[in-house]
J.: 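Starting off with a structure, shown below.
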Amino acid sequence: QVQLVDTGGGLVQAGGSLRLSCAAQGRSFSTFAMGWFRQAPGKEREFVASISSGGGRTRYADSVKGRFTISRDNAKPTVYLQMNSLIPEDTAVYYCVADLAGTSLPTPDYWGQGTQVTVSS
(Lines give C-alpha, C1' and ligand atoms only; values in the text may rest on other atoms or scores of the structure.)
Protein backbone atom coordinates (compact mmCIF):
# COMPACT_ATOMS: atom_id res chain seq x y z
CA GLN A 1 0.00 0.00 0.00
CA VAL A 2 1.24 3.49 -0.91
CA GLN A 3 -0.23 6.78 0.23
CA LEU A 4 0.45 9.89 -1.85
CA VAL A 5 0.07 13.41 -0.45
CA ASP A 6 0.04 16.24 -2.99
CA THR A 7 1.01 19.74 -1.91
CA GLY A 8 2.19 23.01 -3.40
CA GLY A 9 -0.81 24.26 -5.31
CA GLY A 10 -2.07 27.81 -5.10
CA LEU A 11 -2.96 30.98 -6.93
CA VAL A 12 -0.37 32.53 -9.22
CA GLN A 13 -0.35 35.14 -11.97
CA ALA A 14 0.28 34.19 -15.55
CA GLY A 15 4.01 33.89 -16.18
CA GLY A 16 4.67 32.79 -12.63
CA SER A 17 5.94 29.53 -11.19
CA LEU A 18 4.85 26.86 -8.73
CA ARG A 19 6.41 23.65 -7.53
CA LEU A 20 4.17 20.73 -6.66
CA SER A 21 5.36 18.00 -4.34
CA CYS A 22 4.05 14.50 -3.82
CA ALA A 23 5.25 12.74 -0.70
CA ALA A 24 4.88 8.98 -0.67
CA GLN A 25 4.31 6.84 2.37
CA GLY A 26 4.53 3.09 2.27
CA ARG A 27 6.56 0.46 0.61
CA SER A 28 8.60 0.27 -2.54
CA PHE A 29 8.33 3.85 -3.82
CA SER A 30 11.39 3.30 -6.00
CA THR A 31 9.67 0.52 -7.93
CA PHE A 32 6.91 2.78 -9.25
CA ALA A 33 6.90 5.11 -12.18
CA MET A 34 5.44 8.39 -10.94
CA GLY A 35 3.53 11.10 -12.68
CA TRP A 36 0.99 13.86 -12.68
CA PHE A 37 -2.45 14.18 -14.19
CA ARG A 38 -4.67 17.24 -14.11
CA GLN A 39 -8.36 17.97 -14.48
CA ALA A 40 -9.82 21.34 -15.29
CA PRO A 41 -13.48 22.21 -14.64
CA GLY A 42 -15.72 20.63 -17.24
CA LYS A 43 -12.85 18.78 -18.89
CA GLU A 44 -11.54 15.23 -18.84
CA ARG A 45 -8.55 14.31 -16.77
CA GLU A 46 -5.34 14.52 -18.81
CA PHE A 47 -1.76 13.33 -18.56
CA VAL A 48 0.83 15.97 -17.67
CA ALA A 49 4.19 14.30 -17.00
CA SER A 50 5.80 11.10 -15.82
CA ILE A 51 9.16 9.80 -14.64
CA SER A 52 10.57 6.30 -14.53
CA SER A 53 11.25 4.45 -11.30
CA GLY A 54 14.95 5.28 -11.42
CA GLY A 55 14.43 8.81 -12.70
CA GLY A 56 16.26 8.31 -15.97
CA ARG A 57 13.30 8.72 -18.32
CA THR A 58 10.66 11.40 -18.43
CA ARG A 59 7.62 12.11 -20.59
CA TYR A 60 5.58 15.27 -21.00
CA ALA A 61 2.34 16.33 -22.58
CA ASP A 62 2.93 18.59 -25.57
CA SER A 63 1.09 21.39 -23.81
CA VAL A 64 3.67 21.59 -21.00
CA LYS A 65 6.93 20.67 -22.75
CA GLY A 66 9.62 23.24 -22.12
CA ARG A 67 7.68 24.76 -19.20
CA PHE A 68 7.27 21.91 -16.69
CA THR A 69 9.93 19.63 -15.23
CA ILE A 70 9.29 16.43 -13.31
CA SER A 71 11.86 14.99 -10.92
CA ARG A 72 12.02 12.58 -8.03
CA ASP A 73 14.06 11.87 -4.94
CA ASN A 74 13.74 8.21 -3.98
CA ALA A 75 15.48 8.84 -0.66
CA LYS A 76 12.77 11.25 0.56
CA PRO A 77 10.63 9.72 -1.14
CA THR A 78 9.03 12.51 -3.12
CA VAL A 79 8.23 13.45 -6.69
CA TYR A 80 8.16 17.07 -7.85
CA LEU A 81 6.61 19.04 -10.66
CA GLN A 82 8.29 22.38 -11.32
CA MET A 83 5.90 24.55 -13.33
CA ASN A 84 7.23 27.69 -15.00
CA SER A 85 5.69 30.21 -17.39
CA LEU A 86 2.25 29.29 -16.19
CA ILE A 87 -0.74 30.22 -18.32
CA PRO A 88 -4.45 30.35 -17.40
CA GLU A 89 -4.99 27.10 -19.33
CA ASP A 90 -2.88 25.34 -16.69
CA THR A 91 -5.61 25.96 -14.11
CA ALA A 92 -6.73 22.56 -12.82
CA VAL A 93 -6.59 20.13 -9.95
CA TYR A 94 -3.29 18.27 -10.20
CA TYR A 95 -3.05 14.65 -9.09
CA CYS A 96 0.08 12.68 -8.34
CA VAL A 97 0.01 9.00 -9.37
CA ALA A 98 2.11 5.90 -8.92
CA ASP A 99 2.10 3.16 -11.57
CA LEU A 100 3.99 -0.11 -11.63
CA ALA A 101 3.44 -0.39 -15.39
CA GLY A 102 5.86 2.38 -16.37
CA THR A 103 5.98 5.95 -17.63
CA SER A 104 2.99 5.59 -19.92
CA LEU A 105 0.93 5.38 -16.70
CA PRO A 106 -1.76 3.17 -18.29
CA THR A 107 -3.43 2.14 -15.05
CA PRO A 108 -2.19 4.09 -12.02
CA ASP A 109 -2.14 1.99 -8.89
CA TYR A 110 -2.35 4.90 -6.48
CA TRP A 111 -3.58 8.49 -6.59
CA GLY A 112 -2.96 11.53 -4.45
CA GLN A 113 -5.83 13.62 -3.18
CA GLY A 114 -5.14 16.44 -5.63
CA THR A 115 -3.94 20.02 -5.25
CA GLN A 116 -5.56 23.05 -6.88
CA VAL A 117 -3.54 25.25 -9.21
CA THR A 118 -5.14 28.50 -10.35
CA VAL A 119 -3.43 30.81 -12.84
CA SER A 120 -4.89 34.29 -13.19
CA SER A 121 -4.53 36.33 -16.35
J.: Does Tyr60 use its side chain to pair, donor to acceptor, with the backbone of Ile70 at less than 3.5 Å?
T.: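 Indeed, once roles are kept as given, a pair shorter than 3.5 Å links the two residues.
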J.: Go through the structure and list residues passing side chain to side chain contact (heavy atoms under 4.5 Å, CB included) with Ser104, not counting sequence neighbours.
T.: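 For Ser104, the residues satisfying side chain to side chain contact (heavy atoms under 4.5 Å, CB included) (neighbours in sequence not counted) are Arg59, Pro106.
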J.: Does one hydrophobic cluster hold both Leu105 and Val93, with members joined at side-chain heavy-atom distances below 4.5 Å?
T.: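 Yes, same cluster.
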J.: Quick one, Val12 and Met83 - any side-chain contact, counting heavy atoms below 4.5 Å?
T.: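 When only atoms from C-beta onward are counted, Met83 and Val12 do not touch, as no gap falls below 4.5 Å.
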J.: Does the side chain of Val97 come within less than 4.5 Å of Phe37's, by heavy atoms?
T.: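 Counting from C-beta outward, Phe37 and Val97 do come under 4.5 Å.
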J.: Which heavy atom in Asp6 sits nearest to a heavy atom in Gly114, and how many Å separate them?
T.: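 Looks like OD2-N, 2.8 Å.
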J.: Closer than 3.5 angstrom, by distance alone: can the side chain of Arg72 be matched with the main-chain N or O of Ser52 as a donor-acceptor pair?
T.: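 It does hold such a pair.
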J.: How would you list all residue pairs meeting side chain to side chain donor-acceptor pair (under 3.5 Å) that involve residues 108-121, not counting sequence neighbours?
T.: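 For residues 108-121, and leaving out neighbouring residues, the side chain to side chain donor-acceptor pair (under 3.5 Å) pairs sorted by first residue read Gln116-Thr118.
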J.: Not counting sequence neighbours, which residues clear salt bridge (charged side-chain N to carboxylate O under 4.0 Å, His left out) with Arg38? List them please.
T.: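 Per chain and number, Arg38 pairs via salt bridge (charged side-chain N to carboxylate O under 4.0 Å, His left out) with Glu46, Asp90.
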J.: Heavy-atom count around Arg45 CZ within 6.0 Å, excluding the residue itself: above 12?
T.: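 Yes.
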J.: Less than 4.5 Å apart, side chain to side chain, heavy atoms only: is that true for Val2 and Phe29?
T.: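 Sidechains of Phe29 and Val2: no contact.
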J.: If a pair satisfies ring pair (Phe, Tyr, Trp, His ring centres under 6.0 Å) and one of its residues is in residues 62-81, list it, with sequence neighbours excluded.
T.: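 For residues 62-81, and leaving out neighbouring residues, there are no ring pair (Phe, Tyr, Trp, His ring centres under 6.0 Å) pairs at all.
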J.: At what distance, to the nearest 0.5 angstrom, does CE of Met34 lie from OG1 of Thr103?
T.: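 The OG1 atom of Thr103 is 13.0 Å from CE of Met34, to the nearest 0.5 Å.
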J.: Pairs of donor and acceptor atoms involving the side chains of residues 17-26, under 3.5 Å and at least two apart or interchain, shall be tabulated with distances.
T.:
unit_1, atom_1, unit_2, atom_2, d
Ser17, OG, Asn84, OD1, 2.9

J.: Shortest non-hydrogen contact from Cys96 to Leu4?
T.: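 So the minimum-distance heavy-atom pair works out to O-CD1, 3.8 Å.
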J.: Do you reckon Phe32 sits in the same ILVMFWY cluster as Tyr95, going by side-chain contacts under 4.5 Å, direct or chained?
T.: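 Different clusters: Phe32 never reaches Tyr95 through Ile, Leu, Val, Met, Phe, Trp or Tyr contacts under 4.5 Å.
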J.: Output all residues satisfying salt bridge (charged side-chain N to carboxylate O under 4.0 Å, His left out) with Lys65, sequence neighbours left out; order by chain, then residue number.
T.: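 Per chain and number, Lys65 pairs via salt bridge (charged side-chain N to carboxylate O under 4.0 Å, His left out) with Asp62.
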J.: Taking only residues two or more places apart in sequence or in another chain, which ones pass side chain to side chain contact (heavy atoms under 4.5 Å, CB included) with Pro41?
T.: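 Result, side chain to side chain contact (heavy atoms under 4.5 Å, CB included) vs Pro41: none returned.
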J.: Under the rule for side chain to side chain contact (heavy atoms under 4.5 Å, CB included), what residues qualify as partners of Thr31, not counting sequence neighbours?
T.: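 Per chain and number, Thr31 pairs via side chain to side chain contact (heavy atoms under 4.5 Å, CB included) with Ser28, Leu100.
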J.: Please examine the side chains of Val79 and Trp36, heavy atoms only from C-beta on, and report whether any two atoms are closer than 4.5 Å.
T.: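 Touching, per the 4.5 Å side-chain cut-off.
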